[in-house]
Amino acid sequence: MSDKTYLSVATATFMSEGDFEAFRSKSATFNSEEALAYLKENGQMNFSIVRADDDQAVRAMLIWEYENREAWQRCQEFWTSWFKYENNYVAKATFVRGECLFDWDQG
C-alpha cells in the first residue's frame, strides 16, 4: 500500500452558466454531512471546485484528494453513484489521476 496522496483532477467545460450552476447545486447535495463523514472515514481528504477565471468559457477544475490510491478505490462506489441521478447540465470533462509525486507538504 502506497502512502502517497492520490489525486483525481478533472477539467470541465460547461455549455452555459446555467449548466455550471446545476452542476454546483448537485455537488452541494452530494457533499452532505453524512456523505462527508463516509468519505473521510474511507480516506478522502478533500473535494474542491475551482471556477476558471476566464470570460471565454464556463470552465472549472474539480479536485478529489485521497490519502492514497486504496482510499480512492474505496470511495468510488459513492462517486460513481453520481451518474445514477438525472443530470440537469451538459459538460465535457477530462480526467487525470495519479499519485502526488511532489508537494510542499510531502517534499
Side-chain angles (χ1 to χ4, degrees):
M1 175 161 78
S2 174
D3 61 350
K4 293 185 180 187
T5 302
Y6 192 82
L7 298 170
S8 181
V9 180
T11 55
T13 303
F14 297 87
M15 295 299 291
S16 69
E17 193 68 40
D19 287 323
F20 176 73
E21 288 305 320
F23 168 80
R24 198 168 141 185
S25 175
K26 184 174 181 179
S27 296
T29 300
F30 242 71
N31 285 275
S32 67
E33 286 184 35
E34 295 84 7
L36 290 178
Y38 170 83
L39 292 165
K40 287 180 180 182
E41 181 179 300
N42 282 284
Q44 186 165 346
M45 299 161 44
N46 197 18
F47 171 67
S48 303
I49 300 172
V50 180
R51 173 74 187 262
D53 190 12
D54 183 346
D55 292 334
Q56 305 280 328
V58 182
R59 295 183 302 150
M61 183 170 49
L62 317 169
I63 306 166
W64 293 262
E65 187 173 354
Y66 302 91
E67 291 173 354
N68 51 42
R69 189 179 199 319
E70 291 76 18
W72 172 77
Q73 290 172 326
R74 287 191 302 270
C75 293
Q76 286 313 288
E77 183 177 351
F78 173 83
W79 285 111
T80 56
S81 71
W82 174 283
F83 301 107
K84 293 179 185 176
Y85 302 98
E86 183 177 341
N87 291 325
N88 297 332
Y89 60 88
V90 176
K92 179 179 180 182
T94 303
F95 287 84
V96 175
R97 296 184 180 99
E99 290 183 339
C100 181
L101 300 178
F102 177 85
D103 73 16
W104 289 356
D105 291 334
Q106 295 180 10

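- Hydrophobic clustering, with ILVMFWY side chains joined whenever heavy atoms are under 4.5 angstrom apart, keeps Met45 apart from Trp72.
- Val9 is not connected to Tyr66 by any chain of hydrophobic side-chain contacts under 4.5 Å among Ile, Leu, Val, Met, Phe, Trp and Tyr, and they are in different clusters.
- From Arg51, atom CZ reaches atom CZ of Phe14 across 8.5 Å, with rounding to the nearest 0.5 Å.
- One distance of note links CG of Leu62 with CZ of Phe95; it measures 7.0 Å at 0.5 Å rounding.
- The CZ atom of Phe20 sits 6.0 Å away from the CD1 atom of Ile49 when rounded to the nearest 0.5 Å.
- Annotation: side chain of Arg97 is in contact with side chain of Ser8 (closest heavy-atom distance under 4.5 Å).
- Scanning all heavy atoms of the two residues, the minimum distance from Asn42 to Arg74 falls at O-NH2, 2.9 Å.
- Residues Phe78 and Gln44 are not in side-chain contact: their nearest non-hydrogen atoms beyond the backbone lie 4.5 Å or more apart.
- Between the side chain of Ser27 and the backbone N or O of Phe23 there is at least one donor-acceptor pair closer than 3.5 Å.
- Using a 30° and 60° split on the angle between ring planes, Trp79 and Phe47 fall in the tilted class, from 30° to 60°.
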Q) Which is it for Arg59 and Thr11 under the side-chain contact (heavy atoms from CB on, under 4.5 Å) test, yes or no, and what are the steps along the way? A) CA-CA 7 Å; Arg59 295 183 302 150; Thr11 55; over 6 Å; no

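- The side-chain contact (heavy atoms from CB on, under 4.5 Å) test applied to Ser32 returns Glu34, Ala35, not counting sequence neighbours.
- No more than 12 heavy-atom neighbours from other residues, nucleotides or ligands sit within 6.0 angstrom of CD on Glu33.
- Going from atom NZ of Lys40 over to atom SG of Cys75 covers 12.0 Å, rounded to the nearest 0.5 Å.
- Atom CH2 of Trp64 sits about 9.0 Å away from atom CD of Gln76, to the nearest 0.5 Å.
- Taking CD1 from Ile63 and CG from Leu7, the interatomic distance works out to 8.0 Å, rounded to the nearest 0.5 Å.
- Proximity of Leu36 to Asn31: side-chain heavy atoms (C-beta onward) are separated by under 4.5 Å at one or more points.
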Q: Apply side-chain contact (heavy atoms from CB on, under 4.5 Å) to Asn68 and Glu99, showing your working.
A: CA-CA 7 Å; Asn68 51 42; Glu99 290 183 339; over 6 Å; no

